[in-house]
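Heads up, the thing below is written out as structure tokens.
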Amino acid sequence: MEKKKSSRDRILETAERLFIEQGVENTTVREIAREAGTNLALLNYYFKSKENLFDEIFNNLLEKYTPSLPIILNAELPINKKIEDYVSKYVDLLINNPKLVTLILSVLRHSPEKMANLEPTNNLYVSESFQEQLIQEAENGTIVPTHPEHFFINMISMIAFPFTIKHLIMLKNELDEKGFTDFMQDHKKSVSNTLIASLSPSANDH
């Protein structure tokens, strides 16, 4: 027998759905309470404000789905293998949890400073270990000199941007959900190959 959800859990699930569908700024606490089948007083008792409610939802999602990303960046792996593993893991994460892209974009539109101040956000950003590896390998001549910040921004942009235009890609290529997933699995190779080639001394010789 399925356990009945608590009022608090129903509020969290409802708020998450409405934030994704409508955006944080377009969703009211009254609407959340009504859709969750509870009242405004109970919502305020649990969360005090819409901001607190959103913070909990966003932190929970990041803490649940993103810890594996810095593990890859900090691993003792060759740079090419690290890029391949990171791209593959990140694409899989977004395929299985497309709500992350929507919520992150919502935060960036609504209050970008909040994104920078949330501790779990570090799991989505470049690690010091990865930066040092890029610098060290450039000094050793195994890769071309590259600005770690620019490289990382290029990498996450190539991974995440297709998910922001998912429906356009599906329309233009006549894809269903499975077709889009297959497309993104192929896209992993394209992203990895492009990034690795950008670091290759031989590919950059003129």
Side-chain angles (χ1 to χ4, degrees), residues 1-74 86 89-131 148-149 152-153 155-168 177 180-181 184:
M1 184 175 179
E2 187 176 350
K3 185 179 179 181
K4 186 177 179 180
K5 290 186 176 70
S6 68
S7 296
R8 193 178 194 280
D9 288 340
R10 291 202 312 275
I11 291 169
L12 284 168
E13 288 184 5
T14 302
E16 181 182 309
R17 174 175 59 80
L18 292 175
F19 288 156
I20 291 170
E21 291 175 354
Q22 303 176 173
V24 179
E25 63 278 7
N26 297 321
T27 302
T28 67
V29 289
R30 290 185 182 277
E31 185 178 14
I32 294 168
R34 183 179 67 249
E35 292 278 333
T38 186
N39 57 64
L40 190 57
L42 193 58
L43 187 150
N44 287 330
Y45 170 77
Y46 285 129
F47 301 102
K48 310 299 182 191
S49 69
K50 184 174 74 172
E51 291 298 316
N52 289 341
L53 176 55
F54 177 79
D55 286 353
E56 180 162 341
I57 291 169
F58 192 65
N59 274 283
N60 286 345
L61 285 170
L62 292 184
E63 288 174 354
K64 182 176 181 180
Y65 296 118
T66 62
S68 59
L69 296 175
I71 291 174
I72 295 171
L73 293 182
N74 294 328
Y86 185 85
K89 185 70 176 180
Y90 211 146
V91 169
D92 285 345
L93 185 151
L94 295 180
I95 286 173
N96 295 322
N97 306 282
K99 64 183 69 173
L100 274 178
V101 177
T102 306
L103 280 176
I104 289 169
L105 290 175
S106 182
V107 176
L108 291 173
R109 284 196 304 268
H110 183 59
S111 57
E113 70 284 351
K114 180 185 292 294
M115 187 77 175
N117 293 330
L118 290 172
E119 185 63 30
T121 300
N122 292 331
N123 289 336
L124 293 174
Y125 214 69
V126 66
S127 73
E128 289 185 11
S129 173
F130 186 62
Q131 292 187 58
E149 192 81 9
F152 188 76
I153 290 171
M155 182 161 64
I156 60 174
S157 298
M158 293 172 71
I159 293 167
F161 183 69
F163 290 92
T164 69
I165 58 167
K166 174 181 176 179
H167 296 296
L168 179 59
E177 287 291 337
F180 179 76
T181 296
M184 291 308 300

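Being a predicted model, the structure only gives us computed values, none of them experimental.
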Let's go through Phe152 and Glu149 carefully: what are the C-alpha distance in whole Å and the side-chain angles of both, what is the deciding distance for side-chain contact (heavy atoms from CB on, under 4.5 Å) to 0.1 Å, and is it a yes or a no?
CA-CA 5 Å; Phe152 188 76; Glu149 192 81 9; over 6 Å; no

Where do Lys50 and Glu25 land on the salt bridge (Lys or Arg N to Asp or Glu O under 4.0 Å) test, with the steps shown first?
CA-CA 10 Å; Lys50 184 174 74 172; Glu25 63 278 7; over 6 Å; no

Does atom NZ of Lys166 have more than 12 heavy-atom neighbours from other groups under 6.0 Å away?
yes

Could you measure the distance from the [atom1] atom of [X] to the [atom2] atom of [Y]? Nearest 0.5 Å is fine.
{"X": "Tyr46", "Y": "Leu12", "atom1": "OH", "atom2": "CG", "result": "10.0 Å"}
{"X": "Glu51", "Y": "Phe58", "atom1": "CD", "atom2": "CZ", "result": "12.5 Å"}
{"X": "Asn60", "Y": "Asp55", "atom1": "CG", "atom2": "CG", "result": "10.5 Å"}
{"X": "Asn26", "Y": "Phe19", "atom1": "CG", "atom2": "CZ", "result": "11.0 Å"}
{"X": "Ser68", "Y": "Leu73", "atom1": "OG", "atom2": "CG", "result": "10.0 Å"}
{"X": "Ile156", "Y": "Tyr86", "atom1": "CD1", "atom2": "OH", "result": "6.5 Å"}

Just jot down the ring pair (Phe, Tyr, Trp, His ring centres under 6.0 Å) partners of Phe180, sequence neighbours excluded, or say none.
Phe163

Sequence neighbours left out, cut at 3.5 Å: what donor-acceptor pairs do the side chains of residues 28-35 make with other protein atoms?
residue : atom : partner : partner atom : Å
Thr28   : OG1  : Glu31   : N            : 3.1
Glu31   : OE1  : Gln22   : NE2          : 3.2
Glu31   : OE2  : Gln22   : NE2          : 3.4
Glu35   : OE1  : Arg17   : NH2          : 3.2

Shortest non-hydrogen separation from Arg10 to Gly37 and the atoms involved
NH2-O, 3.7 Å

Please identify each residue that fulfils side chain to side chain donor-acceptor pair (under 3.5 Å) with Asn39, with sequence neighbours left out.
none

Without swapping roles, check the side chain of Thr164 against the backbone of Phe161 for a donor-acceptor pair under 3.5 Å.
yes

